Each structure stands twice: as structure tokens, then as C-alpha cells.
Amino acid sequence: MSVVAIFGGRSEIGLEIAARLAAGNTVVLASRPGGEQPEVAGAERVLHVGFDADDVATHASVVEAIEAETGPIDIAVLTFGILGNQKLAEADSAEVVRIVHTDFTAQASLLTVLADRLRARGAGTLVAFSSVAGQRVRRPNYVYGSAKAGLDGFASGMADALHGSGVDLVIARPGFVIGRMTQGMSPAPFSSTPDQVAEAVVRRIRDGGPVEVWIPWQLRVLCFVARFVPRAIWRRMPR
């Protein structure tokens, strides 16, 4: 029996991943206290844990408490994050800090806590969610995109540092995901659903493969081409 911990345990992608990894395993859904507590069909046990991603000082104690209750975490998936308000951020530095704190600082903090514990055991899987928005940052969402660019670089370096340790770090790079987080926004080309993102990530966890998982795979080609688009054109690209 494995222990699967989803940090961002009420997110659509997180719950889809949990459902695919649940059979016979313990599933931990770590999320802000006070909300609903979803069920996960097929799990041997579901544990709900209060977790405030932005409170980085508590990350180590939350992970320690989870493992004291369930035993060592085998698979940890970080699915928390915010889009933020780009328009507000362009005039209010507090909004910039809020977005970057959640989408980069908190992610880097928790990844460090988890990687340290898994490395000591010589086994385990970490999943970090980057985004194509961080591959070449666009003007309409440059605050969110820059936070994801930072996370992508951090996770890429960490994956290299973990090479040979027995710990597998997966970097998921989805494009536009149609769901609660993007409700009211027009889908971009090569959009995906939480179900499709979860399917790709779980396939990579089970089958192994490259560190980076592009969802869908065509975005890898588009992002490569994007590097060569002149800035005069790029700055007019939509979200």
C-alpha cells in the first residue's frame, strides 16, 4: 500500500490524480481548513489535512504530521496555485507578491521539504505543476507566467540534483486547462481538461519517462517555435 499526498486537495486536477492512484492506497488530501472534504473512491483510506500553502513556516510540520499518521509519503503532488489578477498586479505590488508567493515561493518551499525527506529514504515521486505560460512569458499574464517560469527552473534544477537518488521529480507543463480556475476565459489552442492532465501525469508516474510532461504533447513544438517569434509580434500575443 502506497501513500499518495495531494497538496491542493480540493483542486480538480488533484482530485482526478487521486482517483487514478487511489486503488488500495492511502490518499491524503491537504487543503485549506474549513472547506468540503471530497471522497476518493477505491482508496483504502482517505485522510483530510489542514494545509495553508502560503504559510511556508508550517510546511515541514504539516508533512511531518502526515507521515506520523500514515507512514512515509510515496507520491506527493503539488496542485495548489492561483492565477491572480494581472490588471491589478500592474498597479499594486501587493498583488504581485501574492501571486509570486503562492505560485513560486510556496511551491519551492514545499518541494524542498518533501525532497529532503524522500532523498533520505532513497525513494518516492514528486510532481510539480509548471505551465506553458512560463516557457516564454506573455504580456497579458506576465506576473503568473514569471512565477511559473521561476518554478519551472527551480524544479528542473532540483530534478537534476535528485538524479540517482531514487527520487523521481516530474514537471507537468499543461497549457490552458478548462476548469474552475479559468472559468469565464476563452480556451486557448490545445486546451485540455483536468481529466486529460491527470491521465498524462499518472501515466508518467507509472511508466516513467522524461522529467517534463507536456500536456498535450503538441505544446512542446509550439513552445520551441515561440522562442523565435520577434518581440514586436510576441508582445501582441493573447493570453
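This structure is a prediction, so every number in the text was calculated from the model and none was measured.
The closest donor-acceptor contact from the side chain of S109 to the backbone of T105 lies at 3.5 Å or more, if one exists at all. No donor-acceptor distance shorter than 3.5 angstrom exists from the side chain of E95 to the backbone of G84, with no hydrogens or angles considered. A donor-acceptor pair under 3.5 Å links the side-chain atoms of R10 to the main chain of E36, judged by distance alone. A donor-acceptor pair is defined here as one N or O able to donate and one able to accept, closer than 3.5 Å; such a pair exists between the side chain of T79 and the backbone of G8.
A pairwise comparison of heavy atoms in L78 and F129 identifies O-CD1, 3.3 Å as the closest pair. In terms of heavy-atom proximity, L114 sits nearest to A76 at CD1-CB, 3.8 Å. Heavy-atom minimum distance, S191 versus Q196: O-OE1, 4.3 Å. Of all the heavy atoms in Q86 and R139, the pair that sits closest is NE2-O, 4.0 Å. Nearest heavy atoms, A128 versus L111: CB-CD1, 4.1 Å. Nearest heavy atoms, V27 versus A43: CG2-CB, 4.0 Å.
Inter-residue side-chain proximity for M1 and N25 is flagged as met; some heavy-atom pair is nearer than 4.5 Å. Counting heavy atoms from C-beta on, the side chains of L219 and L222 come closer than 4.5 Å. Between I17 and V202 there is a side-chain heavy-atom pair separated by less than 4.5 Å. Contact annotation: the side chain of K148 never approaches that of V137 to less than 4.5 Å [non-hydrogen atoms, C-beta and beyond]. Looking at heavy atoms from C-beta onward, V211 lies out of side-chain contact with S156 at the 4.5 angstrom threshold. A heavy-atom distance below 4.5 Å is not found between the side chains of P72 and V3. Put simply, the side chain of V63 reaches to within 4.5 Å of the side chain of R117, judged on heavy atoms. Taking 4.5 Å as the limit, some side-chain heavy atom of M181 sits within range of a side-chain heavy atom of L83.
Between the CG atom of L162 and the CZ atom of R119 there is a distance of 5.0 Å, given to the nearest 0.5 Å. Remark: T125 OG1 to R206 CZ distance equals 11.5 Å, nearest 0.5 Å. I82 CD1 to D54 CG: the interatomic distance, rounded to the nearest 0.5 Å, is 7.0 Å. Atoms OG and CG, on S165 and L118 in that order, are 8.5 Å from each other to the nearest 0.5 Å. Remark: Q37 CD to L29 CG distance equals 9.0 Å, nearest 0.5 Å. Between atom OG1 of residue T26 and atom CD1 of residue I73 there is a gap of 11.0 Å, rounded to the nearest 0.5 Å.
Hydrophobic clustering keeps Y144 apart from V177 (ILVMFWY residues linked when any side-chain heavy atoms are closer than 4.5 Å, directly or through intermediates).
For the pair D74 and R121, the salt-bridge criterion is not met [side-chain N within less than 4.0 Å of a carboxylate O]. In this structure, R204 does not pair ionically with E212, as no charged nitrogen and carboxylate oxygen lie closer than 4.0 Å.
At most 12 heavy atoms of other shown residues, nucleotides or ligands fall within 6.0 angstrom of atom CZ in R220. Around CD of E39, the count of heavy atoms belonging to other residues, nucleotides or ligands within 6.0 Å does not exceed 12. Other residues, nucleotides and ligands contribute more than 12 heavy atoms inside 6.0 Å of the CD atom of E90.
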Test F176 against M185 for side-chain contact (heavy atoms from CB on, under 4.5 Å), laying out the working first.
CA-CA 10 Å; F176 187 101; M185 298 168 60; 3.8 Å; yes
Quick one, V132 with W214, criterion side-chain contact (heavy atoms from CB on, under 4.5 Å). Give me CA distance, side-chain angles, the key distance, then yes/no.
CA-CA 8 Å; V132 296; W214 298 84; 4.0 Å; yes
Go through it in stages, so that I can follow the logic: the residues are E199 and R20, the test is side-chain contact (heavy atoms from CB on, under 4.5 Å), and I'd like the CA-CA distance, side-chain angles, deciding distance and then a yes or no.
CA-CA 8 Å; E199 187 66 29; R20 286 163 171 75; 2.9 Å; yes
Steps toward salt bridge (Lys or Arg N to Asp or Glu O under 4.0 Å) verdict (D55, R32)
CA-CA 11 Å; D55 190 356; R32 287 186 183 275; over 6 Å; no
Using the rule given for side-chain contact (heavy atoms from CB on, under 4.5 Å), can you reason through V143 versus N85, listing the C-alpha separation, both sets of side-chain angles and the distance that settles it, and then say yes or no?
CA-CA 9 Å; V143 179; N85 186 323; over 6 Å; no
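R45 meets the side chain to side chain donor-acceptor pair (under 3.5 Å) test with E69; sequence neighbours excluded.
Listed by first then second residue, pairs satisfying ring-ring contact (aromatic ring centres under 6.0 Å, His included) with a partner in residues 1-57 read F7-F51, F51-H59, F51-F80, not counting sequence neighbours.
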